[in-house]
Amino acid sequence: MAHPYDAYDELRRLRPVGLFEPTGQWLIARHADVNALLRDRRLGRSYLHVATHAEFGHPDDPAFQEPFWRVVRAGMLDVEPPVHTRLRRLVSKAFTPRTVEALRPKVARIAGELVDGFVERGGGDLIAEVAEPLPVTVIAEMLGVPEADRHLLRPWSADICGMYELSPSIEAQRAAVRAAREFSGYLLGLARARRADPGDDLISALALVADGGDRLTEEELVGTCVLLLNAGHEATVNVTGNGWWALFRNPSELERLRADHGLLPAAIEELMRWDTPLQMFERWVLEDISVGGVDIPRGAEVALLFGSANRDPEVFADPARLDVGRVDNPHISFGAGIHFCLGAPLARIELIESFGALLRAAPAMEPVAEPTWGPGYVIRGLTALRVRV
Ligand code: HEM
């Protein structure tokens with residue numbers, strides 16, 4: 001978990017498609033296979049639209065997990081067409097590149113304020129003081145979560161994400177269920193208040209959405225808001241932390257970027273490739289498939305190794321090298337196919353604005369200690385990165 005990239009190199013070379021006994025999943029290590037399977041409709045993030053748990057040989061979800069699954073399966077990420085198509089269409093209007101581009105000045109202002117305070121204090125923990133508050137503030141403002149309640153979002157979100165790790169402990173499962181129950185209760189109250197008294201925010205818009213007579217049910221509305229609030233910051237925090245740590249460990253690339261801020265858009269893509277924030281996504285096999293000559297039967301689960309795909313020498317020249325000016329960079333960090341990250345344009349703006357603000361205001365920023373890493377494998381990121389400016 002601490003150094004997955006060497007293991008990935010070996011997997012891609014020796015066993016790019018193979019059953020991993022400890023989790024019962026088929027590991028998929030090559031970029032071409034990961035990319036193709038993400039787009040292949042014979043696989044799904046869920047199988048419940050075509051089969052029951054029993055038909056796929058799984059026990060029903062434990063009763064205590066019900067509040068968690070009710071929220072998660074009401075958002076677009078954990079459903080497949082036709083429900084996915086309908087939900088994504090209703091929400092995507094708020095995330096077109098044009099709508100999101102209009103948010104840039106606001107994102108730049110929030111990033112500027114956070115970075116100015118950070119620099120005035122002489123530095124501190126980059127994660128807690130810049131990386132986290134920026135995307136949390138942006139998505140909370142977009143949705144219209146009152147400022148006084150925003151401190152609740154990150155702990156709820158972190159507990160919910162605990163369920164996405166490999167073999168979560170029973171404590172982690174209970175924490176996820178509790179967070180899902182509290183978070184959805186909170187958002188339900190907010191959504192009802194906004195339906196009665198709409199504001200200029202995304203929760204109001206979603207509460208009132210009418211698309212050819214189509215509406216979000218209350219459950220879908222809450223599931224969508226939970227998803228947006230979680231997905232809307234978790235990975236962005238980790239790209240910021242992993243990204244700066246990658247630059248500190250590659251001083252010549254950091255100098256290159258400091259000398260030419262025009263490289264920033266390419267550098268952000270490269271940082272997302274080089275130390276991938278979300279290492280793995282899973283899919284259920286809905287019909288028998290064959291991958292690289294290996295047969296995988298219906299009912300199996302594949303683990304798509306994004307971190308490995310992003311270091312595949314078949315696709316990236318000199319993949320272990322961090323190159324902030326890399327031009328041909330089809331990294332897979334935002335996914336592909338129908339679940340391709342809805343927030344990718346927003347994430348890119350947030351990252352360019354926060355890295356840009358730090359490069360300008362803290363041109364000599366440097367770490368003062370080894371960072372601490374979070375415990376997860378799937379969600380890969382730092383919990384603290386102490387720097388001085
Ligand atoms: C650098 C930051 C981000 C990364 C690396 C990232 C990555 C991803 C990936 C890999 C997926 C697809 C998962 C799959 O196929 O199983 C996804 C989906 C999604 N992301 Fe992001 N994301 C980021 C930021 C954001 C932001 C800022 C938002 C919203 C404001 C967002 C909202 C979503 C949503 C709603 C989906 C579900 C799309 C669907 O199921 O159709 N993400 N993201």
Side-chain angles (χ1 to χ4, degrees), residues 28 34-41 43-46 72-97 99-100 103 107 131-132 134-143 145 153 157 161 164 202-203 206 220 223-243 268-284 301-307 309-310 331-355 378-381:
I28 312 291
V34 171
N35 190 28
L37 293 183
L38 283 169
R39 297 162 195 272
D40 191 328
R41 299 293 308 285
L43 294 94
R45 278 201 50 112
S46 168
V72 165
R73 292 194 182 123
M76 77 186 84
L77 182 56
D78 277 273
V79 288
E80 290 294 304
V83 181
H84 173 266
T85 321
R86 190 181 134 257
L87 290 179
R88 181 148 176 146
R89 196 184 59 233
L90 288 173
V91 183
S92 59
K93 291 193 193 98
F95 286 92
T96 62
T99 329
V100 170
L103 293 171
V107 175
E132 272 179 11
L134 175 65
V136 172
T137 308
V138 170
I139 192 70
E141 284 204 0
M142 244 181 122
L143 277 149
V145 175
L153 302 177
S157 172
C161 288
Y164 292 114
L202 191 52
I203 295 186
L206 291 171
E220 288 168 347
T224 298
C225 292
V226 169
L227 173 62
L228 289 175
L229 286 164
N230 284 1
H233 77 273
E234 284 290 345
T236 319
V237 175
N238 292 334
V239 176
T240 313
N242 299 1
I268 296 297
E269 301 303 314
E270 176 68 346
L271 295 171
M272 290 186 64
R273 178 193 76 82
W274 196 75
D275 202 359
T276 307
L278 302 167
Q279 287 280 318
M280 182 193 91
F281 280 90
E282 293 148 335
R283 290 290 188 270
W284 293 102
E301 195 182 21
V302 294
L304 308 174
L305 302 177
F306 282 27
N310 279 341
H331 70 73
I332 202 104
S333 297
F334 284 122
I338 63 167
H339 290 287
F340 178 83
C341 178
L342 185 71
L346 178 60
R348 288 185 163 122
I349 289 177
E350 290 176 346
L351 291 164
I352 288 175
E353 294 303 328
S354 85
F355 276 75
V378 176
I379 299 176
R380 177 174 170 83

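From a predicted model like this one, the values you see are computed outputs, not experimental measurements. All ligand and atom numbering here is 1-based and tracks the order in the structure.
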Protein-side N, O or S atoms sitting under 2.8 Å from atom 21 (Fe) of ligand 1 are Cys341 SG
Applying side chain to side chain contact (heavy atoms under 4.5 Å, CB included) to Leu305 and Ile28, what does each step give before you reach the verdict? CA-CA 6 Å; Leu305 302 177; Ile28 312 291; 5.8 Å; no
Taking salt bridge (Lys or Arg N to Asp or Glu O under 4.0 Å) as the definition, give me every residue that meets it alongside Glu234, ordered by chain and number, with sequence neighbours left out. Arg154
Element-labelled atoms of ligand 1 that are located less than 4.0 Å from some non-hydrogen atom of Met272: 1 (C), 5 (C)
Candidate with minimal heavy-atom separation from atom 39 (C) of ligand 1, of Arg283, His339, Arg348: His339
Give the numbers and elements of all ligand 1 atoms closer than 4.0 Å to a heavy atom of Phe306. 10 (C)
For ligand 1, is there an N or O atom under 3.5 Å from any N or O atom of Glu350? no
Could you walk me through whether Leu37 and Phe281 satisfy the side chain to side chain contact (heavy atoms under 4.5 Å, CB included) test, starting with their C-alpha distance in whole Å, then the side-chain angles of each, then the deciding distance to 0.1 Å, before giving a yes or no? CA-CA 11 Å; Leu37 293 183; Phe281 280 90; over 6 Å; no
closest protein heavy atom to atom 13 (C) of ligand 1 is Phe281 CE2, 3.4 Å
Using a strict cut-off of 4.0 Å, indicate which atoms of ligand 1 neighbour a heavy atom of Ile139. 30 (C)
Could you walk me through whether Ser46 and Asp78 pass side chain to side chain contact (heavy atoms under 4.5 Å, CB included), step by step? CA-CA 6 Å; Ser46 168; Asp78 277 273; 5.7 Å; no
When every non-hydrogen atom of Cys225 is compared with those of Leu143, the smallest separation belongs to SG-CD2, 3.9 Å
Sequence neighbours excluded, the answer for salt bridge (Lys or Arg N to Asp or Glu O under 4.0 Å) partners of Glu80 is none
Heavy atom to atom 2 (C) of ligand 1, shortest distance: which of Thr236, Val100, Val138 holds it? Thr236
Could you tell me whether a side-chain N or O of Asn230 sits under 3.5 Å from a main-chain N or O of Cys161, the two making a donor and an acceptor? no
Is the side chain of Ser333 donor-acceptor paired with the backbone N or O of Met272 at a distance under 3.5 Å, no angle test? yes
Heavy-atom contacts under 4.0 Å between Ile338 and ligand 1: side chain, backbone, both, or neither? backbone
Could you find the nearest protein heavy atom to atom 16 (O) of ligand 1 and give me its residue, atom name and distance? Arg45 NH1, 2.6 Å
Looking only at heavy atoms of His84, does any of them come nearer than 4.0 Å to an atom of ligand 1? yes
Looking at Phe95, is its backbone amide N or carbonyl O close enough to the side chain of Thr99 to form a donor-acceptor pair, meaning the two atoms are under 3.5 Å apart? no
List the atom pairs, donor and acceptor, that lie under 3.5 Å between side-chain atoms in residues 344-351 and the rest of the protein, sequence neighbours left out.
unit_1: Arg348; atom_1: NE; unit_2: Glu269; atom_2: OE2; d: 2.7
unit_1: Arg348; atom_1: NH2; unit_2: Glu269; atom_2: OE1; d: 3.0

Tell me: protein heavy atom nearest atom 37 (C) of ligand 1, and distance? Leu77 CD1, 3.8 Å
Any side-chain to backbone donor/acceptor pair from Asn310 onto Ile332? Under 3.5 Å, distance only. yes
A student checking ligand 1 against Val239 at a 4.0 Å heavy-atom cut-off should list atoms 1 (C)
Can you list the ligand 1 atoms lying under 4.0 Å from a non-hydrogen atom of Leu346? 30 (C)
Ser92 side chain vs Arg88 backbone, donor-acceptor pair below 3.5 Å: yes
Report the C-alpha separation of Glu301 and Trp284 in whole Å, then their side-chain angles, then the decisive distance to 0.1 Å, and conclude whether the side chain to side chain contact (heavy atoms under 4.5 Å, CB included) test is met. CA-CA 5 Å; Glu301 195 182 21; Trp284 293 102; 3.6 Å; yes
Side chain to side chain contact (heavy atoms under 4.5 Å, CB included) with Arg45: of Glu282, His84, Arg283, only one passes, and it is Arg283
Heavy atom of the protein closest to atom 38 (C) of ligand 1 (residue, atom name, distance): Arg88 NH1, 3.4 Å
Which bit of Met142 gets closer than 4.0 Å to ligand 1, counting heavy atoms only: side chain, backbone, both or neither? neither
What protein heavy atom sits nearest atom 5 (C) of ligand 1, and how far off is it? Ser333 O, 3.5 Å
I'd like to know if Asp78 contacts ligand 1, where contact means a heavy-atom distance under 4.0 Å to any ligand atom. no
